[in-house]
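Each chain gets a letter, A, B and so on, in the order the sequences are listed, and its residues count up from 1. The analysis underlying the following values was restricted to heavy atoms, covering all of them including side chains, and did not include hydrogens, waters or symmetry mates.
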Amino acid sequence: MKRTHYCGAVNEDHVGKAVILQGWVNRRRDLGGLIFLDLRDREGLVQVVVDPESPAFATAERLRGEYVVEVEGDVRLRPAEQVNPELASGKIEVVARRIEVLNEALTPPFPVDASWRGEDDPAERVNEDLRLKYRYLDLRRQKMLARLKLRHQVEHLIWRFLSDEGFLQVETPFLTRSTPEGARDFLVPSRLEPGKFYALPQSPQLFKQMLMVAGVDRYFQIARCFRDEDLRADRQPDFTQLDMEMSFVSQEDVWEINERLVQYVFREALGVELALPFPRLPYQEALERYGSDKPDTRFGLEIRPAEDVFAGSDFRAFAGVVEDGGVVRGLVAPAELSRKQIAGLEEVAKRYGAKGLAWVKLTSDGASGGIAKFLEAERLRAWGLAPGQTALFVADDRQVALEALGQVRLALAELLGIERTGWNFLWVVDFPLLEWDSDLELWTYMHHPFTSPYEEDLPLLDRDPASVRAKAYDLVLNGTEVGGGSIRIHRMELQEKMFAVLGIPKQEAEEKFGFFLEALRYGAPPHGGIAWGLDRFLALMSGAESIREVIPFPKNQSGRDPLTGAPAPVAPEQLAELHLKIVE
RNA sequence: GGCCCCGUGGUGUAGUCGGUUAACACACCCGCCUGUCACGUGGGAGAUCGCGGGUUCGAGUCCCGUCGGGGCCGCCA
């Protein structure tokens with residue numbers, strides 16, 4: 001190729017050398033008798049200067065933003081007083097001898113040049129749908145290219161680390177069988193077999209387990225997954241997992257290698273040194289202290305039992321709840337909250353199922369406001385409330401009270417502007433194996449039906465299903481679930497027992513997972529693994545508000561791609577081939 | 001399915017109590033300008049105020065509906 005250097009790579013080492021650059025006109029400054037160009041490629045900017053005597057001058061006069069040009073010239077130092085410290089190439093400039101227009105360009109619908117000069121980027125504030133429609137322009141921005149690079153780098157590091165640890169990368173099919181897992185499947189109609197469908201995988205779960213049966217021993221894949229559910233800032237219908245599985249391992253083995261992988265990725269990609277091991281927090285403790293199974297531990301404001309504060313009090317609303325087997329939990333807000341602020345927090349509590357949010361302030365004169373008349377200041381002090389602080393209480397079923405306060409805790413941190421910095425990884429472990437589904441009135445799996453319980457909890461399966469712990473774990477970073485996995489059931493007897501507890505008849509299990517259950521009968525080794533939500537991981541690493549920022553071509557909240565117009569109608573002939581009819 | 005927020009030149013916004021010519025910045029086009037780097041400077045073009053209906057003498061503004069976008073709940077093992 002003719003190009004000798006990336007624009008962003010030209011520096012004072014090249015002074016006196018002739019270069020040929022190819023790139024985009026980031027900006028043009030026309031002084032009349034002298035023209036400056038900022039030439040841009042993915043590595044950065046370099047200033048090109050065009051003298052009126054140069055044969056390139058006429059061409060430079062007709063250049064506009066985003067034109068694609070080839071520049072041949074000589075690198076020289078800028079006059080000392082004209083060095084631009086904002087630019088990596090700010091000490092030098094390229095004197096153009098020849099400029100060729102490789103392509104003209106329309107004016108972009110939003111600016112893409114500012115970020116490259118280190119200026120405030122107006123494109124950060126344009127309607128996101130417009131950015132998605134012209135994503136190829138949006139991706140020209142420095143910040144977006146940096147995210148693409150980070151994504152590449154992290155995936156590269158994952159490949160390197162896991163390969164060195166003896167993992168094999170194995171690809172699994174996109175066109176597979178619909179199995180009754182958690183989410184709604186994307187279906188692909190079969191042309192060859194009328195009325196039958198493939199499904200796109202929600203995860204490679206069963207395939208990776210069968211790879212363990214095959215003796216692969218250590219598997220990974222950076223796998224695309226598909227779930228047909230409503231979208232969110234952290235949810236796309238197709239998204240990427242780092243999927244891993246290992247044979248003959250304990251939970252601790254899985255945690256340990258993942259911790260080292262995370263540490264390696266953060267060190268190499270961000271220059272951040274993480275301390276190992278990550279804290280391991282049992283699910284019940286996470287719930288009691290933070291009201292969440294994915295606690296943000298970058299700040300305190302922990303939830304506390306508050307029954308003692310209300311013991312013997314005349315506040316009947318709470319006494320009744322406790323008599324009915326509920327609990328009282330509270331939070332201390334280290335400030336005197338206004339009524340408006342409390343109303344906002346109560347709204348949060350109610351959205352998550354609480355009936356209300358009781359509150360009281362402690363002043364130097366004693367308890368005041370809210371439910372103060374029911375409470376003794378002495379007890380509030382004993383509970384930990386100091387003057388100038390506000391106590392917030394919820395009484396309800398344990399789960400509801402804790403989860404509502406967990407959300408209030410997050411809203412409170414936001415409200416008070418509590419600083420949340422750092423990289424707080426932790427493992428939430430010992431999830432319950434089962435969860436009561438009050439709609440269907442039966443026990444259902446919390447993780448998936450192949451998750452292994454703790455052996456010592458097995459006797460409880462019949463007596464007290466809720467207290468059986470699973471060998472299931474989540475990796476949490478700053479209040480976001482970035483990974484989850486488990487040790488799997490590898491023996492048929494236990495698997496059958498699980499189906500029985502879940503109320504799935506043997507015949508139904510065979511129908512739905514028969515191929516997989518059969519695999520377990522052929523000498524399946526003990527195994528377990530994890531899957532990372534790689535998009536979420538990258539969004540957190542790059543400080544993005546939404547995973548759309550780290551996905552090159554994402555869908556909008558309606559599941560549409562404004563760039564391609566997908567989803568779109570198809571020709572009647574295509575439907576006919578697939579034996580499909582649209583029903584209005 | 002539900003709750004909340006937002007739709008005004010290419011982009012981002014202003015537009016008061018409903019009042020006649022819809023304002024500002026950036027971008028764009030043309031002229032001038034030899035050391036700029038948010039270049040400067042003079043001029044210019046550019047708006048079905050998302051769409052439909054209603055109230056009114058008069059609607060960007062008020063009301064109803066609808067469409068689009070964003071955040072959240074449900075849903076997402």
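Backbone-only engagement by Arg125(A) is indicated by non-hydrogen atom pairs under 4.0 Å involving sugar-phosphate atoms exclusively. In this structure, Asp129(A) reaches the sugar-phosphate backbone alone: every heavy-atom distance under 4.0 Å involves primed, P, OP1 or OP2 atoms, never a base.
In terms of phosphate contacts, Arg235(A) brings no side-chain nitrogen or oxygen within less than 4.0 Å of OP1 or OP2 of G74(B). Distances shown here put every side-chain N or O of Arg232(A) at or beyond 4.0 Å from the OP1 or OP2 atom of G74(B). Between Gln557(A) and the phosphate of G71(B), there is a side-chain N or O to OP1/OP2 separation shorter than 4.0 Å. Arg29(A) has a side-chain polar atom (N or O) that falls below the 4.0 Å cut-off from OP1 or OP2 of C39(B). When the side-chain nitrogen and oxygen atoms of Arg27(A) are compared with OP1 and OP2 of C39(B), one or more of them lie within a distance under 4.0 Å.
Distances from the side chain of Arg64(A) to the nucleotides C72(B), C29(B), G12(B) place C29(B) closest. Closest to the side chain of Asn127(A), from the set G69(B), G35(B), C28(B), is G69(B).
Stacking of Phe36(A) onto the six-membered ring of U36(B) is present: less than 5.5 angstrom between centres, less than 30° between planes.
Between the side chain of Glu93(A) and the base of G35(B), at least one donor-acceptor pair of N or O atoms lies under 3.5 Å.
Nearer to the 5' terminus of RNA chain B, by closest-nucleotide assignment, is the contact made by Leu31(A) (compared with the other of Gln241(A) and Leu31(A)).
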